[in-house]
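Counting convention: from 1, in listed order, for ligands and their atoms alike. Excluded from the calculations below are hydrogen atoms, water molecules and symmetry mates; all remaining heavy atoms, backbone and side chain alike, are included.
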Amino acid sequence: MSKKVDRIDQRLDKARMRIKRSEDRQVIESVFDTRTLLTLYHMFNRGILDEINGVISTGKEGNVYLGVQPDGSDAAIKIYRITTFNFKRITMYLEGDPRFARIPRSRSGLITAWASKEYKNLIRAEAAGVRVPHPIHVQRNILVMEFIGENGLPAPTMHQQEPEKPEPTRKAILQAVSRLYHEANLVHSDLSEYNIMLWNGPVLIDISQAVVLDHPYSEMFFERDIRNIIAYFDGFDIPKLDLADTIKAIRAGEFK
Ligand code: ATP
Ligand code: MN
């Protein structure tokens, strides 16, 4: 027994050694429970990650950190937090998804399913030609993906910075919505200026709650996503798009 404890302690210490930037170190560690540290340890060991650095964002259900891959390139590490997770909400998004026919009953099982849902959604979106962060790895509550930005500096979200060319940006976003719908059979379901980064055009992020078209509310989420985008761009001095016409065109696969 004590040998086993020693071994785990050693692993935790090794994981802690890769947590860099001393000023952030205690803050970072304080949000990592033992399981999360062990999962990070496995990722370090398997050559998926080399380091984990400062916090990029602290959200309601998890944090995003800057990571370094063994080849020196940046990565974004999204770590879902066990304690503050809203389980009612996420169960609603998992229901009806054939990929998650069995909804886990334990908290940790649910979080694992949630992280893996975001990973699978990223793969599907990317295969459909939608610009999203390239997914690199998922394990338990940790998702590793391509870093959008450069030199450790994340690109702005569309909430933080207005697009320079609003009309083509709106078009690219609605085309992405259409591709997601028709090619990936997915609806983002939380699309707004907060979940779109601007990096040489729009990049859709935060896709864990995206649902398949079989989901009972997929059409409602689809309309809400489009409404949010149209409303955002109504604040710009560009020709307005009619909401009902746009929904109809995207649904019919005729949005140009
Ligand atoms: P929130 O509750 O604030 O919506 P969240 O838990 O839903 O947070 P995301 O929306 O996926 O998490 O990401 C939060 C923030 O982290 C983003 O607004 C963005 O600034 C940053 N971020 C997310 N993914 C990446 C990425 N791949 N590359 C760089 N930065 C990222
Ligand atoms: Mn978000």
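You'll find the side chain of Ile56 stays beyond 4.5 Å of the side chain of Tyr65, heavy atoms only.
Atom 22 (N) of ligand 1 has as its closest protein heavy atom Val64 CG1, 4.0 Å. The protein non-hydrogen atom at the shortest distance from atom 10 (O) of ligand 1 is Asp206 OD2, 3.0 Å. When only non-hydrogen protein atoms are considered, atom 2 (O) of ligand 1 lies nearest to Lys60 NZ, 3.2 Å. Of the protein's non-hydrogen atoms, the one nearest atom 26 (C) of ligand 1 is Ala76 CB, 3.5 Å. Looking from atom 11 (O) of ligand 1 to the surrounding protein, the closest heavy atom is Lys78 NZ, 2.8 Å. In terms of protein heavy-atom proximity, atom 3 (O) of ligand 1 is nearest to Gly59 CA, 4.0 Å.
The N/O atoms of Ile148, backbone and side chain alike, include one that comes under 3.5 Å of an N/O atom in ligand 1. For a threshold of 3.5 Å applied to N or O pairs, the pair formed by Glu118 and ligand 1 contains no separation below that value.
In this structure His134 satisfies the side-chain hydrogen bond (donor to acceptor under 3.5 Å, both in side chains) test together with Glu126, sequence neighbours excluded. Every residue two or more places apart in sequence or in another chain that forms a side-chain contact (heavy atoms from CB on, under 4.5 Å) with Arg99 is listed here: Asp97, Lys117, Lys120, Asn121, Arg124, Leu186, Val212.
In the hydrophobic cluster analysis, where Ile, Leu, Val, Met, Phe, Trp and Tyr join through side-chain heavy atoms closer than 4.5 angstrom, Met43 is grouped apart from Tyr41.
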Report, one line per pair, each donor and acceptor closer than 3.5 Å where one atom sits in a side chain of residues 194-205; sequence neighbours left out.
from, atom 1, to, atom 2, distance (Å)
Asn195, ND2, Asp190, O, 3.0
Asn195, ND2, Asp190, OD2, 3.2
Asn195, ND2, Asp206, OD2, 3.3

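Between Phe233 and Phe236, the two ring planes are tilted [angle within 30° to 60°].
Of all the heavy atoms of Ile205, the ones lying under 4.0 Å from any atom of ligand 1 belong exclusively to the side chain.
Counting non-hydrogen atoms of other residues, nucleotides and ligands closer than 6.0 Å to CZ of Arg179 gives a total of 12 or fewer.
The backbone N or O of Gly59 sits less than 3.5 Å from a side-chain atom of Arg81, completing a donor-acceptor pair. At distances below 3.5 Å, not a single donor-acceptor pair connects side-chain atoms of Ser208 with backbone N or O atoms of Glu118.
Taking a cut-off of under 4.0 Å to the non-hydrogen atoms of Pro133, the atoms of ligand 1 that pass are 27 (N). Atoms of ligand 1 found under 4.0 Å from any heavy atom of Asn195, numbered from 1 in the order shown, are 10 (O). Those atoms of ligand 1 that come under 4.0 Å of a heavy atom in Met145, given as number and element, are 24 (N), 27 (N). Numbered from 1 in the order shown, with element, the atoms of ligand 1 that lie under 4.0 Å from a heavy atom of Ser57 read 14 (C), 15 (C), 16 (O). Every atom of ligand 1 with a heavy atom of Glu146 under 4.0 Å away is listed here by number and element: 26 (C), 27 (N), 28 (N). For ligand 1, the atoms lying closer than 4.0 Å to a non-hydrogen atom of Thr157 are 18 (O).
Annotation: protein N, O or S atoms under 2.8 Å of the Mn ion (ligand 2) (waters excluded) comprise Asn195 OD1, Asp206 OD2.
Checked against the 6.0 Å centroid criterion, the rings of Tyr93 and Phe100 do not qualify as a close aromatic pair.
Checked for salt-bridge contact, Glu223 and Lys248 miss the test: no charged N lies under 4.0 Å from a carboxylate O.
Of the residues Leu243, Ile173, Asp234, the one that meets the side chain to side chain contact (heavy atoms under 4.5 Å, CB included) test with Ile229 is Ile173.
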Using the rule given for side-chain hydrogen bond (donor to acceptor under 3.5 Å, both in side chains), can you reason through Asn141 versus Thr36, listing the C-alpha separation, both sets of side-chain angles and the distance that settles it, and then say yes or no? CA-CA 7 Å; Asn141 60 326; Thr36 301; 3.1 Å; yes

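In terms of heavy-atom proximity, Arg18 sits nearest to Leu49 at NH1-O, 3.9 Å.
Of the listed residues (His159, Met197, His134), the one carrying the non-hydrogen atom nearest atom 31 (C) of ligand 1 is Met197. With atom 21 (C) of ligand 1 as the reference point, the heavy atom nearest to it among Ile56, Ile77, Asp74 is part of Ile56.
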